[in-house]
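Chain letters run A, B, ... following the sequence lines, proteins first, then strands; residues in each count from 1. Fair warning: this is a prediction, and the values are worked out from it, not measured in the lab.
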Amino acid sequence: MTDSADISISAHLTALPDRVGVDGLEDKWRAVWDEDGTYTFHNPGERSAVYSIDTPPPTVSGHLHVGHVFSYTHTDIIARYKRMNGFNVLYPMGWDDNGLPTERRVQNYYGVRVDTSMQYDPDFVPPFEGTDGKKMDAKDQVPISRRNFVELCEKLTAQDELQFEALWRKLGLSIDWSRTYHTIGEHAQRVAQKAFLRNLERGQAYQQDAPVLWDVTFQTAVAQAELESREYPGFYHRVAFRFEDGTPIYIETTRPELLAACGALIAHPDDERYQRYFGQFVYSPLFHVKVPILAHPAAEMDKGAGIAMCCTFGDQTDVQWWRDLHLPLRSIIQRNGRIVMEMPDWIEDAEGKRVFEQIEGKTTFSARKAIVEELREVGDLDGEPTPTKRMTNFYEKGDKPLEIVTSRQWYLENGGTDKALNAELIERGKELNFHPDFMRVRYENWVHGLNGDWLISRQRFFGVPFPLWYPLNEAGEPDYANPLLPSEDVLPIDPSTDIPAGYTEEQRNQPGGFMAEPDIMDTWATSSLTPQIVTEWAEPGQEAFFASTFPMDLRPQGQDIIRTWLFSSVDRAQLENHCLPWANATLSGWILDPDHKKMSKSKGNVVVPNKPIEQFGADAVRYWAASARLGLDATYDEGQMKIGRRLAIKLLNATKFALAIGREDENHHVADEASATWDPQDVTEALDRAAMAKMALVVKQATNFLERYEHSKALEVIENYFWQFCDDYIELVKNRAYGTPDAQGNVPAEAAVKSARTALGMGLDAFARLLAPFLPYATEEVWSWMHAGEGSVHTAAWPKPLPYATAAFNVSPDVLAHAGATLAALRGIKSKAKVSMKTPIERVRLAVSDNVRESLRQSLADIREAGRVIGDFSLEHAQELINQMQSDGDETSDAAEETIVVTESELGEPPAKKR
RNA sequence: GGGCGAUUAGCUCAGUUGGUUAGAGCGCCACCUUUACACGGUGGAUGUCAGGAGUUCGAGUCUCUUAUCGCCCACCA
């Protein structure tokens, strides 16, 4: 037997406001939560008592977007739910201030650019502040030192972070604000450098001098994960190469400007048109360079002329040919995207040299124009160029096609070359619970399609530096194979200002001295370690913290960065910890504008989130976000926010009503405080028990949904019952709860009154808890009325079915459903007659099925009062309806509703209208 | 070209393992100021379930196919 003391609810009731509203609740409760440390993480010391969340650090240089509100609300609902379930929730916040977006924003905002040759100026003042939005020519930007630039980055991101924090707080995210990190901060840098050094030690990180994809605008290498293919207009040029005797052989190319870099012509080994030429040589037009005709299976017979010119490098197939066929490296594109200034040594022909001089230093675009002119003049251009659209690789943040240049870069293993690691990462993907599950496919597609290890070095300025130096030999040349490494305890370091052990600053860049690795790490090389950053991985003295928080429970993120953030995090945890970094990943969808277009800055249809929060309230905006499932795109819908606002207001009013009964003075004020105990044993009336039975069911369903990360369904069942509770249950028990005498003047029994009041109290207490993850402000407000001095609803216990099931005492929830349907039928009589709901019903006959009649009998007095039936109220058989019920054997409340039919009614005199 | 998701009322969306007459809210229409709520309440009308074919006694649901929308990957001669 359960002791009722265990399941009864003690309430401390405060005075109630005469009128309630949702406006202003945000500021009121946010201040209280801050002061009380409601969301502060307390490490219980055991992993099972913690729920840890790897919060996505927003790119602070990006703009606030209503999409942020959407996905962060989903995570907050889970955080609040877990907290109410007794978990110590580690819910930190990070800021992604590392990387190119910040660099670009700083350049525009302050009108500056980095010049690595400049010295640090401690008194530097930027020429502008807030030129954001205006386009500024690079030549007008003031050159400054790298260190000055980094300082400006830090200054600006600090401002951006304040904006984000203000939004998150207003939205009511239950973040522990004492646990924040920056991807460029000292801690994150230490983790990134430490992990890199350990990767290096294990041979998982390595350098390679090889062709890489190169962005000419930002002048940095980029990784496979950062590629984006876009349609790019071009022209096919049909160009003649010639044999010794002048016989032409035609190739087609979209990049004639690379003619000087051609090292071979290549056709498929099975291509009968060209088989007889394999091994022979031809001369390139204009430059007259002798190149072989070779066979390689990557050549496609049906593309262009079927034979291609291989240049180093026009595309990734060129790289493959160059490697497989051991072709000479003939590079003519500089890292800024222009043709080299020096005459290539493989061009020996005088006319060839003259042509090359025409294109030296030109952009690929102008060089192409010049080459086409020259080709046309000598007659080696067959016909006119024909326009084509082709898909070309771009850096996702760049606007010029990527070039391929050969350079020394750092790589990290990611399964792109190592089949065993690839299989392990696929396996990890199967272990991870994706919500929704179909997102796993995107992960697997990506891992299967990897074609190389992860290029992690970037030739940029604002980021985490590689923590190493290279010794210089007597000729001043670096020994890349034997880098000088710092010890872990001095991390983070910046090799451009810090000095390797055993050297002095004077030896920097001197023969026999050392030089710093100039590159920084890819921003994802830091972001991929957020699980390790927030759980204090490898921090001396934090071993216990790490043990009780890692592997984490949840990674929430956008579906667009599965290949980057999610995958790279899994990779890093596999290399470092040999496990998944988290057990669950939730993927949110996009926000579409009302015309079903994806919201994006470039489309100019972005809604700034502060506006709807101000207009409808944070709870209302959260409600809109919560009503969308994970992984599905949602439409920006202010109508949905209005509904959320209405729900919050309804909760305030309904709770106020339930708590005010029996405590009001003659003016309906409730000024006193009171104690109450809602004991399930006091719920004795059938209708009240039915309401509790339904509550037990709803609690169970909502809990199951939230356990499965289906917050929208949880909200739906809670909300549906809440409205039924308000519209039907409260209306039905109102008179009894007040102790109002019936038409015959009979006063309800004391126990019946107590039963109603107890069920109302238990019900609204439950709704406050059930809705707390969704509407944190309104629920906290009503909680404060009934549990004054007991702390926040957000640290209260999530409801369990037991107290409600106990109160239900085996009464079916159908009793409430049937009573509600009957009440609706009585209302329908009045609505059709277009009279007030207060109008009494003299006489009414309802046709109902047997089981409904049985059920209604238990709540008939309440129905009679709520419907104001003052005379005959008969429930009769309706044979055809009964047959219907029996034929399908269905006794659900839905079917029951349709078996209540008004067969006859007579209305009394409507009440006199009040002025 | 491959893959994933979507397509249900004017709008936003539910619809579990196939089951009788497909639901909710908004909006719309009508009515009601009723001692929790006019930031309200009550009642009502509303559908070629994108199209086609198939499996089945029975299909919004399963299979195939077409179309449209969104996204991911692959196509650079």
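Across all strands shown, A:Lys830 has no heavy atoms under 4.0 Å from either base or sugar-phosphate atoms. Using a 4.0 Å heavy-atom criterion, one finds that A:Ala866 contacts no nucleic acid atom at all. Note on A:Glu664: nothing from the nucleic acid sits closer than 4.0 angstrom, heavy atoms only. Across all strands shown, A:Glu300 has heavy atoms under 4.0 Å from base atoms, whether or not it also approaches the sugar-phosphate. At a threshold of 4.0 angstrom between heavy atoms, the contacts of A:Ser229 include nucleobase atoms, whether or not backbone atoms are also involved. Counting non-hydrogen atoms under 4.0 angstrom, A:Tyr236 reaches the backbone sugars and phosphates but no base. When heavy atoms are screened at a 4.0 angstrom cut-off, A:Ile251 is found touching no nucleic acid atom at all.
Checked by distance alone, A:Glu731 brings a side-chain donor or acceptor within 3.5 Å of a matching partner on the base of B:rA36.
Relative to the six-membered ring of A:Tyr623, A:Lys642 misses at least one condition, a distance below 6.0 Å or an angle of at most 45° to the axis. Geometric assessment of A:Arg440 against the ring of A:Trp446 yields a negative cation-pi assignment under the 6.0 Å and 45° thresholds. Judged by the 6.0 Å distance and 45° axis criteria, A:Arg645 is not positioned over the aromatic ring of A:Phe616.
Put simply, the side chain of A:Thr253 does not reach to within 4.5 Å of the side chain of A:Leu259, judged on heavy atoms. Side-chain atoms of A:Thr740 and A:Glu865, non-hydrogen and from C-beta on, never get closer than 4.5 Å to each other. Here the side chains of A:Val239 and A:Tyr250 are not in contact, with every heavy-atom distance at 4.5 Å or above.
Mapped onto RNA chain B by nearest heavy atom, A:Lys832 and A:Ala299 fall at different nucleotides, with A:Lys832 at the one closer to the 5' end. Mapping A:Ala634 and A:Thr253 onto RNA chain B via the closest heavy atom, the residue that lands nearer the 5' end is A:Ala634.
The pair A:Arg230-A:Glu228 meets the salt-bridge criterion, since a charged nitrogen lies less than 4.0 angstrom from a carboxylate oxygen. Salt-bridge annotation for A:Glu731 and A:Lys734: present, with a side-chain N of the basic residue lying under 4.0 Å from a carboxylate O of the acidic one. Salt bridge status for A:Arg827 with A:Asp728: present, with a side-chain N to carboxylate O gap under 4.0 Å. Using a cut-off of 4.0 Å between Lys/Arg side-chain N and Asp/Glu carboxylate O, A:Lys650 and A:Glu719 are scored as not salt-bridged.
Across the P atoms, B:rG19 and B:rG58 are found 14 Å apart, a figure rounded to whole Å. Straight-line distance between the C1' atoms of B:rU55 and B:rU61: roughly 14 Å, to the nearest whole Å. Separating the C1' atom of B:rA9 from that of B:rC29 is a span of 16 Å, rounded to the nearest Å. One P atom belongs to B:rG18, the other to B:rC39, and the distance between them is 48 Å to the nearest Å. Comparing the same atom, C1', in B:rG54 and in B:rA59 gives a spacing of 11 Å after rounding to whole Å. Taking atom P on both B:rA53 and B:rG60, the two are 14 Å apart, rounded to the nearest angstrom. For the P atoms, the distance from B:rU42 to B:rA6 is 35 Å, rounded to whole Å. B:rG3 sits 15 Å from B:rU63 when the P atoms are compared, rounded to a whole Å.
Pair check for B:rA67 finds B:rU7; Watson-Crick or G-U wobble, both atom distances under 3.5 Å. Of all nucleotides present, none satisfies the Watson-Crick or G-U wobble test against B:rA59 with each distance under 3.5 Å. Shown here, B:rG18 forms no base pair; nothing in the strands shown gives a Watson-Crick or G-U wobble contact with both key distances under 3.5 Å. B:rA36: no Watson-Crick or G-U partner with both key distances under 3.5 Å is found in any strand. B:rC75 is unpaired under the Watson-Crick or G-U wobble criterion, no partner having all donor-acceptor distances under 3.5 Å. Look at B:rG44: its Watson-Crick or wobble partner, with both distances under 3.5 angstrom, is B:rC28.
Every residue meeting the side-chain hydrogen bond (donor to acceptor under 3.5 Å, both in side chains) condition with A:His74, not counting sequence neighbours, appears here in chain and number order: A:Ser588. Among residues two or more places apart in sequence or in another chain, the side chain to side chain contact (heavy atoms under 4.5 Å, CB included) test is passed with A:Phe235 by A:His237, A:Pro385, A:Pro387. Applying the salt bridge (Lys or Arg N to Asp or Glu O under 4.0 Å) criterion to A:Lys834, with sequence neighbours excluded, gives no partner residue.
Between the CZ atom of A:Arg440 and the P atom of B:rC71 there is a distance of 24 Å, given to the nearest Å. Atom pair A:Glu226:CD and B:rC72:P shows a separation of 15 Å (rounding to whole Å applied). Between the P atom of B:rA74 and the CG atom of A:Asn451 lies a distance of 8 Å, rounded to the nearest Å. The CG-C1' distance, from A:Asp633 to B:rC13, rounds to 14 Å in whole Å. Spacing between atom CG of A:Leu659 and atom C1' of B:rC37 amounts to 14 Å, rounded to whole angstrom units. We find that CD1 of A:Ile562 is positioned 18 Å from P of B:rG3, with the value rounded to whole Å. B:rC73 atom P lies 10 Å from atom CG of A:Asp560, rounded to whole Å. Atom-to-atom, CG of A:Leu651 to P of B:rA36 comes out at 17 Å; the value is rounded to the nearest Å.
The side chain of A:Lys734 contributes an N or O atom lying less than 4.0 Å from OP1 or OP2 of B:rA36. At the phosphate of B:rU12, neither OP1 nor OP2 sits under 4.0 Å from any side-chain N or O atom of A:Tyr623. Between A:Ser836 and B:rC31 there is no side-chain polar atom (N or O) within less than 4.0 angstrom of OP1 or OP2.
Of all nucleotides listed (B:rC76, B:rA74, B:rA36), B:rC76 comes nearest to the side chain of A:Thr317. Between B:rG70, B:rG15, B:rA36, one nucleotide has an atom nearer to the side chain of A:Tyr738 than all others, and that is B:rA36. Each of B:rC73, B:rU34, B:rA36 was ranked by its minimum atom distance to the side chain of A:Trp446; first place goes to B:rC73.
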What is the per-nucleotide protein-contact pattern of nucleotides 4-9 of chain B, from the 5' end, where B denotes a base atom under 4.0 Å from a protein heavy atom, S denotes such proximity for sugar-phosphate atoms only, and - denotes neither? SS----
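Relative ring orientation between A:Tyr721 and A:Phe767 is described as tilted, the plane-to-plane angle lying within the 30° to 60° band. Using cut-offs of 30° and 60° for the angle between ring planes, the A:Phe70 and A:Trp624 rings count as tilted.
A:Asn704 places no side-chain N or O within 3.5 Å of a backbone atom of A:Gln701 that could act as its donor or acceptor partner.
For the contact set between residues 307-314 of chain A and RNA chain B, defined by any heavy atom under 4.0 Å, the members are A:Ala308.
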All N/O pairs under 3.5 Å across the protein-nucleotides 38-42 of chain B interface:
unit_1 : atom_1 : unit_2   : atom_2 : d
B:rA38 : OP1    : A:Arg19  : NH1    : 3.1
B:rG41 : OP1    : A:Lys650 : NZ     : 3.1
B:rG41 : OP2    : A:Arg646 : NH1    : 3.2

